Amino acid sequence: MHLSGAAEAVTQAAEAIELLQSRLRTVSHIDDDIVHEAIRRARGGNDGQSAEALSVYLQGAGVVAKTDGQRQYVGAVQQNDLTVCVGPAGTGKTYLAVAMAVSLLKTEKIRSMVLVRPAVEAGEKLGYLPGDMQAKVNPYLRPLFDAMHDMMPFEQVKKYIQNDIIEVIPLAFMRGRTLNNAVIILDEAQNTTVRQMLMFLTRLGHGSKMIVTGDDTQIDLPVGRTSGVIDAIHRLGGVEGVAIVRLTEVDIVRHPLVKRVVDAYGANETWSDTEKSDEESG
């Protein structure tokens, strides 16, 4: 292969090609996002944030942060024991949290993953749902399972759950535990109360990392209840060992239409309780 042109352009093109060759060692194919990322990095637009793929169990399924916000998020998790990340739908909050946990598990830097979610979306008590506890919890944890299955073979996920290497539990079952050498992910944290958030955060043990994710524009708590994640952001900003990351519409990496939908509804708009009630009654 021969490159010709201005010296700076040739240097940048060569670096971009090297980056793409490196990525081919961890992914099965190169898409437009990966090409754009390589060009951006070659032009010096990395802002000091690593864009190396997170190593996971499925061959060719390495996960890479695709935006500046996502790179900040991954870096925050790597450098801190507690990371709180909020942002609109499609920004990769949950997916990257799971990817970080899977990568740390694969490299034996942790011994277990604990995936937690509050079960309040439909206003139902777990006891009223059919089936055993796993069947009751599964619908609430489906997004976490979907992310895991992109990174680990199905049978391996099943085996790890059976051996308690991966735990999937409702938030209420975290009380009284101390979790060492684990990554503990609390998803949909906007639907925790302040008391629940405090209970969760104090489960952190030695050698562990906590990742708290949520969308503070989609709070489903009863009227008058303060969201635990909003309260935590106010309380923990500036606390050593804690990182607060806010992703925005520019970090949306789902179908391009998702970004346009979020823009149309106003990602920073807080829905009033009256609007929610009208919507639910309709």
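Predicted, not measured: the structure shown is a model, and the values here were computed from it. All values below were derived from every heavy atom in this structure, side-chain atoms included, with hydrogens, water molecules and symmetry-related copies excluded.
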**Q.** Verdict with supporting geometry, Thr67 and Tyr73, side-chain contact (heavy atoms from CB on, under 4.5 Å)
**A.** CA-CA 10 Å; Thr67 70; Tyr73 178 27; over 6 Å; no
How many angstroms lie between atom [atom1] of [X] and atom [atom2] of [Y], to the nearest 0.5 angstrom?
| X | Y | atom1 | atom2 | value |
| --- | --- | --- | --- | --- |
| Thr192 | Phe200 | OG1 | CZ | 9.5 Å |
| Leu198 | Arg235 | CG | CZ | 8.0 Å |
| Glu249 | Thr91 | CD | OG1 | 9.5 Å |
| Arg225 | Arg195 | CZ | CZ | 9.0 Å |
| Thr226 | His234 | OG1 | NE2 | 9.5 Å |
| Leu58 | His149 | CG | NE2 | 10.5 Å |

Can you check whether [X] reaches [Y] side chain to side chain, under 4.5 Å on heavy atoms?
| X | Y | value |
| --- | --- | --- |
| Met210 | Asp81 | no |
| Cys85 | Leu247 | yes |
| Val116 | Pro170 | no |
| Met197 | Val229 | yes |
| Glu167 | Arg177 | yes |
| Asp187 | Leu144 | yes |
| Val63 | Leu96 | yes |
| Met148 | Leu115 | yes |

Shortest non-hydrogen contact from [X] to [Y]?
| X | Y | answer |
| --- | --- | --- |
| Gln190 | Leu221 | O-CD1, 3.8 Å |
| Arg203 | Met174 | CD-O, 3.1 Å |
| Leu179 | Ser208 | O-OG, 2.8 Å |
| Val56 | Ala99 | CG1-O, 4.4 Å |
| Ser227 | Ala189 | OG-O, 4.2 Å |
| Leu186 | Pro118 | CD1-CD, 4.0 Å |

Q) For the side-chain contact (heavy atoms from CB on, under 4.5 Å) test, which of Leu201, Thr83, Ile185 pairs with Val212? A)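 Considering Leu201, Thr83, Ile185, a side-chain contact (heavy atoms from CB on, under 4.5 Å) with Val212 is found only for Leu201.
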Q) Picking from Ile110, Asn181, Leu204, Leu104, what satisfies side-chain contact (heavy atoms from CB on, under 4.5 Å) with Lys209? A)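 Only match with Lys209 under side-chain contact (heavy atoms from CB on, under 4.5 Å): Leu104.
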(Q) Could you check whether Asp251 pairs with Lys93 (Lys NZ or Arg NE/NH1/NH2 to Asp/Glu carboxylate O, under 4.0 Å)? (A)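 No, this pair does not count.
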Q: Go through Val168 and Phe145 one step at a time and tell me if the side-chain contact (heavy atoms from CB on, under 4.5 Å) criterion holds.
A: CA-CA 9 Å; Val168 284; Phe145 279 119; 3.7 Å; yes
(Q) Please check: side-chain N/O of Gln196 versus main-chain N/O of Thr193, any donor-acceptor pairing under 3.5 Å? (A)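 A pair under 3.5 Å: yes.
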Q. Counting N and O atoms only, with roles assigned by atom type, does the side chain of Asn191 sit under 3.5 Å from a partner on the main chain of Asp220, one being a donor and the other an acceptor?
A.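 Between the backbone of Asp220 and the side chain of Asn191 there is a qualifying donor-acceptor contact (under 3.5 Å).
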Q: Evaluate the criterion side-chain contact (heavy atoms from CB on, under 4.5 Å) for residue pair Tyr95 and Asp150; output intermediate values, then yes/no.
A: CA-CA 9 Å; Tyr95 198 86; Asp150 278 356; 3.1 Å; yes
Q.
Listing request: all side-chain hydrogen bond (donor to acceptor under 3.5 Å, both in side chains) pairs with a residue in residues 98-113, at least two apart in sequence or in separate chains.
A.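 Non-adjacent pairs meeting side-chain hydrogen bond (donor to acceptor under 3.5 Å, both in side chains): Ser55-Lys106.
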Q) Do you reckon Val242 sits in the same ILVMFWY cluster as Val194, going by side-chain contacts under 4.5 Å, direct or chained? A)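 No, no single cluster joins them.
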Q. Does the side-chain contact (heavy atoms from CB on, under 4.5 Å) test come out yes or no for Leu54 and Val64, once each step is laid out?
A. CA-CA 6 Å; Leu54 298 171; Val64 67; over 6 Å; no
What side-chain donor-acceptor pairs closer than 3.5 Å can you find for residues 155-166, not counting sequence neighbours?
| unit_1 | atom_1 | unit_2 | atom_2 | d |
| --- | --- | --- | --- | --- |
| Gln156 | NE2 | Tyr160 | OH | 3.3 |
| Asn163 | ND2 | Lys159 | O | 3.4 |

